[in-house]
Amino acid sequence: MAEKMMKPEEMAKVNHTPPLLSGWMHRPTEIKSGIYCYPSKPSSLEYVGFPHAREWSPLDEDWKLPPNWKQIILEGLRERLEKFRSLKIFMDICVRCGACSDKCHFFIGGGDPRNMPVLRAELLRSVYRKEFTTAGKLMGEIAGARELTVDVLKEWWYYFFQCTECRRCSLFCPYGIDTAEITIIARELLNLLGLNIDWIATPVANCYRTGNHLGIQPHAYKDMIDFFLDDIEEITGIRMEPSINRKGAEILFITPSGDVFADPGTYTCMGYLILFHYLQNLGLDLTWSTYASEGGNFGYFTSHEMAKRLNAKMYAEAKRLGVKWILGGECGHMWRVINQYMDTFNGPADFLEEPVSPLTGTKFENAKTTKMVHITEFTADLIKHNKLKLDPSRNDNLKVTFHDSCNPARGMGLLEEPRYVIRNTCNHFYEMPDNTIREQTFCCGSGAGLNAGENMELRMRGGLPRANAVKYVHEKFGVNMLSCVCAIDRAVLPALMEYWVPEVNVTGVHELVGNALVLEGEKKRETNLRGEPLPGMEEVEDV
Ligand code: SF4
Ligand code: SF4
């Protein structure tokens, strides 16, 4: 990344002045390297039955579109306008007040006017006006309407894959227009022509085949868990024995595969294992699954239908194992899919029971229909009921701040529980400025399938507002750890920090729990889950 990327001080000089003399409507899109993601491999599209799989390049003039491409798109748009009332409303009611225009992290960090949410939506809305409104048909450009051309299609592909579907803009819209939903529909339309990106299409195909985005087979998943158990044994002196694929357990635990296969998510995974071991002795009856080995849902980044197909797999596994309810790990979009879509995709999951904590008796009424509880809700409830013996001083080497991941925050309202867990497992916690956290949180800049390597400039630009807020608390309070409850965040924030605030590392909340939890019969801990000396143990290492 470092050789090719411009220096941070150069990238931070962003020009937000729009071009005054040329309008946006007919300005051809310049597809720049570092900003776009590579197109999907045909084999990945074919695996899930997506249409028009082929080799093509965004840099070529000819995108090898089917001859009737325009008809396919317009018919697709017509179908979706009939199916989704929200889309019709979002197309009609924007008054172009501009309240959303400076709220997108891609516009803030990059200055490209087409990344203003109002203009991103206009890319599609202008075609809608031309084809589906009388004013647009009669008055054309005066009514903000334009023809769908190949150039417009290219512009859609370039800019709708520069939106992380984070919904920050929707918060500021007086009409509640959700540009993320517009992006979702635009991506569906592009998908009808095989215009997908590989960072989405291949994880989708993998998940459909093996149950997780990385395409890991069940035995390899189990091997990873075994490696974690070895490490935990070395640190705590205790050999843990989690259940895997056990029929008849009360609870099925599902987490994003990123936690099992990529640092620093792996330490969060160790935190889950330690917590479940601790609770096993108190009566927790829980199993992991090597088949429902993915909580995330990249299908959601390409079409509603694909999101539904992948979501169904988790519930099918819950049915096969005969569990009562599902506990979900720290993930972002997994929770938006569960909280906002599951019930109409595949639910309500009536074959499961309304989740009740076996340790505290708390009924998770918010999970009444989905039957799925977020692990920080579960753990916060345990702490509230004094069920966990915690030693926060084990995290005293950390000055922690918390990044609200967009989907749990804005798509679920999960704001207090992670903070409650952090405050009980760490002694030093500092909030970033108010307009960058909670509902107003800034995106990591790499969500919604954009966490590829080839679009690193886009990612660093999109992550600038978040990094800037981290830099603020780093300089003011000495913060050295950025915590979050999302596996994509854990995968992408380290690169963002390395670029903008290299003094700050990234952690999941349950890594902090795993460090702080005092286990019965454990040996004196000398290191944290990363193998680093615990505060006060540094001298031991030096001797
Ligand atoms: S949803 Fe997020 S990424 Fe997309 S336009 Fe709105 S603020 Fe930007
Ligand atoms: S805030 Fe809402 S109404 Fe105003 S320009 Fe943005 S989308 Fe349109």
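Numbering of ligands and ligand atoms starts at 1, following listing order. All values reported here derive from a predicted model rather than from experimental measurement.
In this structure, the protein non-hydrogen atom closest to atom 5 (S) of ligand 1 is Arg120 NE, 3.2 Å. Nearest protein heavy-atom contact of atom 2 (Fe) of ligand 1 is Cys166 SG, 2.4 Å. The closest protein non-hydrogen atom to atom 8 (Fe) of ligand 1 is Cys104 SG, 2.4 Å. Of the protein's heavy atoms, Thr164 N, 3.3 Å lies nearest to atom 3 (S) of ligand 1.
When non-hydrogen atoms are compared, ligand 1 lies under 4.0 Å from the backbone of Arg167 (N, CA, C, O) but not from its side chain.
For Ile89, the side chain to side chain contact (heavy atoms under 4.5 Å, CB included) partners are Ile93, not counting sequence neighbours.
Between Phe364 and Phe378, the ring planes are tilted. Angles from 30° to 60° get that label.
For residues 171-195, no residue pair satisfies the ring pair (Phe, Tyr, Trp, His ring centres under 6.0 Å) rule, not counting sequence neighbours. Annotation: side chain to side chain donor-acceptor pair (under 3.5 Å) contacts involving residues 73-87, sequence neighbours excluded, comprise Arg80-Glu188.
Annotation: Trp69 is not in aromatic contact with Trp63 [ring centroid separation under 6.0 Å not met].
Note on Cys163: not counted as a metal contact of atom 2 (Fe) of ligand 1, no N/O/S atom lying under 2.8 Å.
The distance cut-off of 2.8 Å around atom 2 (Fe) of ligand 2 captures these protein N, O or S atoms, sorted by chain and number: Cys173 SG.
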